[in-house]
Amino acid sequence: MSALSVEPELPGGTGWDEIVRVWEETDAPEGSKVEIIEGVVTVSPPPSEEHNDTAELLHERLYGALPSDCDWGIYQTLGLTCPETGGLFVPDLCVVPRAALRRGTRVHASEAELVVEVTSRSNANHDRIKKAHGYAVAGVPFYLLLDAWQSGRPTATLYGEPQNGTYRVLASVEYGEELRLPAPFKLVLDTGIFPLS
């Protein structure tokens with residue numbers, strides 16, 4: 001992973017605009033993930049096969065879990081801004097109202113209903129700490145962390161009830177156990193389907 005720091009003047013101010021400009025102009029190798037984490041433009045290598053397989057398996061199951069009366073989409077490469085923490089995250093999956101993508105402006109993380117991160121060995125702490133904080137500050141109702149690198153035992157953790165930049169753990173299970181996503185989602189997730197890294 002590499003990083004380029006640009007000091008923001010104030011969250012959402014002209015420093016933020018400069019950071020976003022650097023992010024937009026970053027020429028990264030194909031498949032790499034370019035994000036802004038705490039005001040630093042970071043470039044991560046392409047995710048592993050297991051990482052991609054995990055995201056796709058969950059993506060497939062989430063379609064059946066969406067409320068039928070909502071016009072939500074499930075996106076794999078959507079940038080979510082959180083200038084309050086100097087962040088522009090590209091989660092592995094996020095559930096966002098389609099209308100938010102049709103305005104012609106960047107989507108603020110607060111518009112997501114669910115964000116999912118699948119950890120990679122090289123940057124797991126970003127997902128566990130920095131992104132969790134950013135999503136909580138933005139008020140994302142649910143954050144699902146699929147962590148194949150957690151203390152040597154793969155774990156799925158669902159966070160919710162964001163308050164003051166932190167989440168409460170709603171459920172945490174080892175891979176192989178079931179995890180229930182609460183309303184408005186209708187999903188009992190068998191985490192045994194995910195590959196072990």
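Quick caveat, the model's predicted, so the values are computed rather than measured. The residues of the chain are indexed from 1 along the displayed sequence.
Shown here are the side chain to side chain contact (heavy atoms under 4.5 Å, CB included) partners of Asn125, two or more places apart in sequence or in another chain: Arg128, Ile129. The side chain to side chain contact (heavy atoms under 4.5 Å, CB included) search around Arg121 returns Trp149, not counting sequence neighbours. Legend: residues meeting side chain to side chain contact (heavy atoms under 4.5 Å, CB included) with Thr155, ordered by chain and number and at least two apart, are Gln150, Arg153, Thr157, Ser172. In this structure, Glu113 has no salt bridge (charged side-chain N to carboxylate O under 4.0 Å, His left out) partners at least two apart in sequence or on a different chain.
In this structure, the separation between CG on Leu58 and CG on Leu114 is 7.5 Å, given to the nearest 0.5 Å. With values rounded to the nearest 0.5 angstrom, Cys82 atom SG is found 12.5 Å from Lys131 atom NZ.
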For residues 174-183, please give each side-chain donor-acceptor pair under 3.5 Å, one per line with the distance, not counting sequence neighbours.
none

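More than 12 heavy-atom neighbours from other residues, nucleotides or ligands sit within 6.0 angstrom of CG on Asp71.
Residue pairs meeting the side-chain hydrogen bond (donor to acceptor under 3.5 Å, both in side chains) criterion with at least one member in residues 56-70, sequence neighbours excluded, are His59-Gln76.
Counting heavy atoms from C-beta on, the side chains of Pro91 and Tyr135 come closer than 4.5 Å.
Taking the six-membered ring for Trp and thresholds of 30 and 60 degrees, Tyr159 and Tyr143 have nearly parallel ring planes, at less than 30 degrees apart.
A salt bridge is absent between Lys130 and Glu35; no separation between the charged side-chain nitrogens and carboxylate oxygens falls under 4.0 Å. Comment: Glu18 engages Arg21 in a salt bridge, judged by a side-chain N to carboxylate O separation of less than 4.0 angstrom.
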